[in-house]
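Keep in mind that the numbers below use all heavy atoms, side chains included, and drop hydrogens, waters and symmetry copies.
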Amino acid sequence: MKNFIKWLKSPKSDFLLFVIVIILINLVGQNAFFRIDLTESKAYSLSDASRRAVSTLDKPLAVKVFFTSNLNAPYNNVEQYLKDILTEYKGAANKYFSCEFFDMENAENQKLAREYGINQVQIQEVNNNEIGFKAAYMGAAFIYGDSIEILDGITSEESLEYNITTKITKMVTTADVLSALQDDVTLTLYTTPALSKFNISGFNQIEQSVINAYSAVNKKNQDKISFRRVEPTDEEISDYVQKYGIQSIGWTEKDGSQKQGVIGLVLEHGDTFRLIPLEMAQSLFGYAIAGLDELEDNIAENLKSLVSKSVEIGYITGHGERDLLGSDYESAASFQTLIEDTYTLKTLELSEDNIPASISTIVINGPKTAYTDEELYKIDQFLMRGGNIMFMIDPYEVTESGNYYSMPQYNPIDTGLKRLLEKYGVSLGEGYVFDEQCYDYYTNSEKLPMYWVPLVKDSGVNKTHPATKNMGNLLFVQNGPLTVTRENSSDFTAALLASTTSKAWTSTDFYVLNPNYITPPDSSERKAEPLAVILEGNFQSAFDKAPEAALTAEGEDDGTDANANGASSETGTAESTGELAVSAHLSSSIQKGKIFVCASSYITTPQLINDATQPISIFVRNVTDYMNGAEELCTMRTKGLSENSLTTVKGTLVTFMQIFNQYGLAVLIIIIALIIWRVRVARRRAIRLTYNADDTRDDDNIRVAEQNAKKLAEEAEKAATKAKKLANRKGDAD
C-alpha cells in the first residue's frame, strides 16, 4: 500500500491520473453541463419567451426532426444549429418536452416524414468540382395532443428560434382555447346547385373535397368543428355575399331572366368568421374551382387564426388611407397579411367611431385628406390615455395622369397630423429624401440609381433598439424628411431606428422621379436624414381644450361655455350637466405611450412587402410587435441576420482586403511564429550563458537557424510585395 501511495505521488502516475480526470469530467458532463454563447446576437441562446413556452407545458410536446445528415455547406451548419437550439429548448423545458432525431437513410423514417407532410427539398451541392442537385429532408414535426405543426424546408438559420417558438405557442394556445369552447366552430359550404350545368371543372367535387378536409382537420382538433351545407335562395344570396364576402356568380337564362349563384366556404364562431379560399377561376381551358388542393391546410390555418387570442389593432380609415382589401401595389393588404397571425386590424372611421378602450394601438397609414379637429382630438386623447400610434404619412399624393406623355402630379398633403406630431416631438418637412446609397435599377446598358429609394445598411440602423437589432439592408421609398425636436429626458426617449448616409439630401425641386432628371447637389448641402423614429414616454396634449363639436357629438354639451359654472380651465373644456361641470380633457399623459413615425406609407405596400423574410418586412413586423409590447419577439426574429461587411466599397481597397485575407494572414502567422521561435532561442541562450559564459556549443546551430530565419523573412517579404502588386493591378482593372 505504501508503494502504491508512493507511486501515486511520483510523476509516473500523472498520465493515468489525467485520463481518470478526463473520464470523470465527461461522466459528470452528461448530466450537468453549461453552455456559453459568444455570438454578438446571442444566436445560440433562448429568449425568455422561448423558455416560458416550453417550461409551462401541461401535456407532452414531441419534436420529431427529419434532417438528412452529411450535407454540404451551408446546410450542414443549419443541421448543427437546429440540434444546438433544440438542445437549448430541452434544457429550458419541463418534463413534457421531448425531441427525437431520425436517421433519414432509413426507408421507414422517410415514409414517416412523408406521412407528417414533410417533403424532400432540392438543394445544390458541389462534389469533385461538379455542381449537382440532391434531394434532402430538412424539416421537423411538432406534436401536441391531437395537433400537429410542420416546419418544413429549414434551409437557413435565420429566424429559426422565432419560427419554433411561435409554432409551439400557437399549438398550446389553440389547444387550450378549443378545450374551453362551449360551442363548436361551424364550417359552412355555400353553393348553388344550378352552377353544375356550366361544366365548371371541379364543381361536382366541391362537397366531397370539403368533407374530406373537414374530417382530417376536425380529428386533429378535438372534434370541435361542425359541418353544414347551405343552398341559398335568391333572396339570401345578396345577404351572404355582403356579410361574408363570398363569391357571387351571375348569368342569364334562355328566357332572359337574370340569375345569381354563390360559391364560398366560411369558418365561423360566434360573431367572428374566416373566409376559406374556394372560388371559381378562369383558365385557358375554361372555368375551374380553385382552392380544392389546399383545403385541409387552409381550414387548419384559419381555425388557429379564428380561435387564437389575437391582439386587435385599430386601423384608421375615412381619409384616403391605404386600403386593406385592395389587390394592387398601392394597397396595404401585404401589411395585413404580414401581421395577421398575431394581430387583427379593426377599421375605425373617427368621424363616426370612438377608439375602443380595448385597443392599445392604432395605425394611421397614408391618409390623403384633412382630419377634422374632432378626429384629431380623439387621436390626441387616445395617446394621452397611454395608447400607442403608428404614423406612416406621405409628403405628397402622387396622381398619375393616365397619359404616357404626361408627368405625374405631386400634390402636397395636409392632413392636420403635423400639428399633433410637432407637439409630441417630431417635425415633418416638405419634399423627398434622396440618397446616393440607394436601390439601383439595372437595364441592358447601364445602372440607374433610384435616389428616392434609400438603402439603409448596417451603419444606418440602430443596433441597440430591439426593433432593429441585427438588421440591415432596409429599403425605404419616397420618404419625406423628419426631425426629432424634443430632447430625451427622464420621462421621454426618442430612438432613431433608421437613417440615410451622409450623402443624402432633401429636395422639393423635382417634377418627375427619374434618375436622368435628378442631379445630386454639392457635398456641402448633404447630410444624414432620419427615416423612422420611435418616441416613448409622456406627452403634452396638442389641444388646450376639447373642440366644441366633439362635446356636442357626445351629447354632453348644450353649446354654452363649459367653464361658465366654475370648472377649472387648467383641465380644459368640461362636459356640462345641469349645474355641474365634469372635466374630460387630458392635458398630458396619464400613462406612457409610444409613437412610431415614418414619413412614407410605402413600407406597408406590396412594392416593399412581398416576402415575409425580406429585411423591410421584418422591420415592419418588429415595429408592430414592439408597439404592442412584444419586444422579445423582435430580438428573437432577427437572430442570425447581422452582417459584418466592409463599410468601404472602393475597388482598390476591396481587392487588397480580399488578397490579404487569402495570403496576408498566412504570411503574418509565419512572421509571428518566427519571432516567437527567435525569442525562445535567445532566452535559452541567455540562460545557458548565465551559468556558463564559455559555452558556445550551439553557436553554429544558432547561426544556421538565423540564416534560415532570414531567408524565410525574405520569402515572406517577397510574397507580400507580390500580393500588393496584384492588388494594384486588379484595382487598376476595376
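Thr468 and Asn462 are not linked by any side-chain donor-acceptor pair at a separation below 3.5 angstrom, with hydrogens and angles left out of the test. Side-chain atoms of Arg637 and Ser159 form no donor-acceptor pair, as typed in the model, at a separation below 3.5 Å. For the residue pair Tyr137 / Arg114, a side-chain donor-acceptor distance below 3.5 Å is found, with atom types taken as modelled. Judged purely by distance below 3.5 Å, without hydrogens or angles, the side chains of Gln80 and Asn76 never pair a donor atom with an acceptor atom. For Glu268 and Thr188, the side-chain atoms include no donor-acceptor pair closer than 3.5 Å.
Under the 3.5 Å distance criterion, the side-chain polar atoms of Lys59 are left unmatched by any main-chain donor or acceptor of Tyr96. The closest donor-acceptor contact from the side chain of Asn628 to the backbone of Thr624 lies under 3.5 Å. Asn94 contributes a side-chain N or O that, together with a main-chain N or O of Ser55, makes up a donor-acceptor pair within less than 3.5 Å. Put simply, the side chain of Lys463 gets close to the backbone of Met471: a donor and an acceptor are under 3.5 Å apart. Using modelled atom types, one side-chain atom of Asn388 and one backbone atom of Lys594 make a donor-acceptor pair closer than 3.5 Å.
Checked against ring-ring contact (aromatic ring centres under 6.0 Å, His included), Phe382 has no partners two or more places apart in sequence or in another chain. Applying the side chain to side chain donor-acceptor pair (under 3.5 Å) test to Gln110 and every residue at least two apart in sequence or in another chain returns nothing. A search for side chain to side chain contact (heavy atoms under 4.5 Å, CB included) contacts involving Thr605 returns Arg322, Tyr602, Gln607, not counting sequence neighbours. Applying the side chain to side chain donor-acceptor pair (under 3.5 Å) test to Asn109 and every residue at least two apart in sequence or in another chain returns nothing. Under the rule for a side chain to side chain donor-acceptor pair (under 3.5 Å), Asp353 has no partner lying at least two apart in sequence or in another chain. Looking at residues two or more places apart in sequence or on another chain, you find a salt bridge (Lys or Arg N to Asp or Glu O under 4.0 Å) between Arg52 and Glu632. Taking the salt bridge (Lys or Arg N to Asp or Glu O under 4.0 Å) definition, one finds that Glu100 meets it with Lys64, sequence neighbours left out. Remark: Lys83 engages Glu79 in a salt bridge (Lys or Arg N to Asp or Glu O under 4.0 Å) (not counting sequence neighbours). A search for salt bridge (Lys or Arg N to Asp or Glu O under 4.0 Å) contacts involving Glu631 returns nothing, not counting sequence neighbours. Not counting sequence neighbours, the partners of Asp611 by the side chain to side chain donor-acceptor pair (under 3.5 Å) test are Thr613. Scored by the ring-ring contact (aromatic ring centres under 6.0 Å, His included) test, His269 finds no partners at all (sequence neighbours excluded).
Screening residues 142-184 for ring-ring contact (aromatic ring centres under 6.0 Å, His included) gives no qualifying pairs among residues at least two apart or on separate chains.
A salt bridge is absent between Asp491 and Lys592; no separation between the charged side-chain nitrogens and carboxylate oxygens falls under 4.0 Å. Under a 4.0 Å N-O distance rule, the pair Glu207/Arg229 qualifies as a salt bridge.
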Derivation and outcome, side-chain contact (heavy atoms from CB on, under 4.5 Å), residues Leu57 and Val172: CA-CA 8 Å; Leu57 296 171; Val172 173; 3.9 Å; yes
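Between Phe102 and Phe66, the ring-plane angle classifies as parallel under the 30° and 60° cut-offs. The aromatic rings of Phe97 and Tyr89 lie parallel to each other, their planes meeting at an angle below 30°, with 60° marking the opposite boundary.
For Lys346, the NZ atom sits in a loose shell: 12 or fewer heavy atoms of surrounding residues, nucleotides or ligands are nearer than 6.0 Å.
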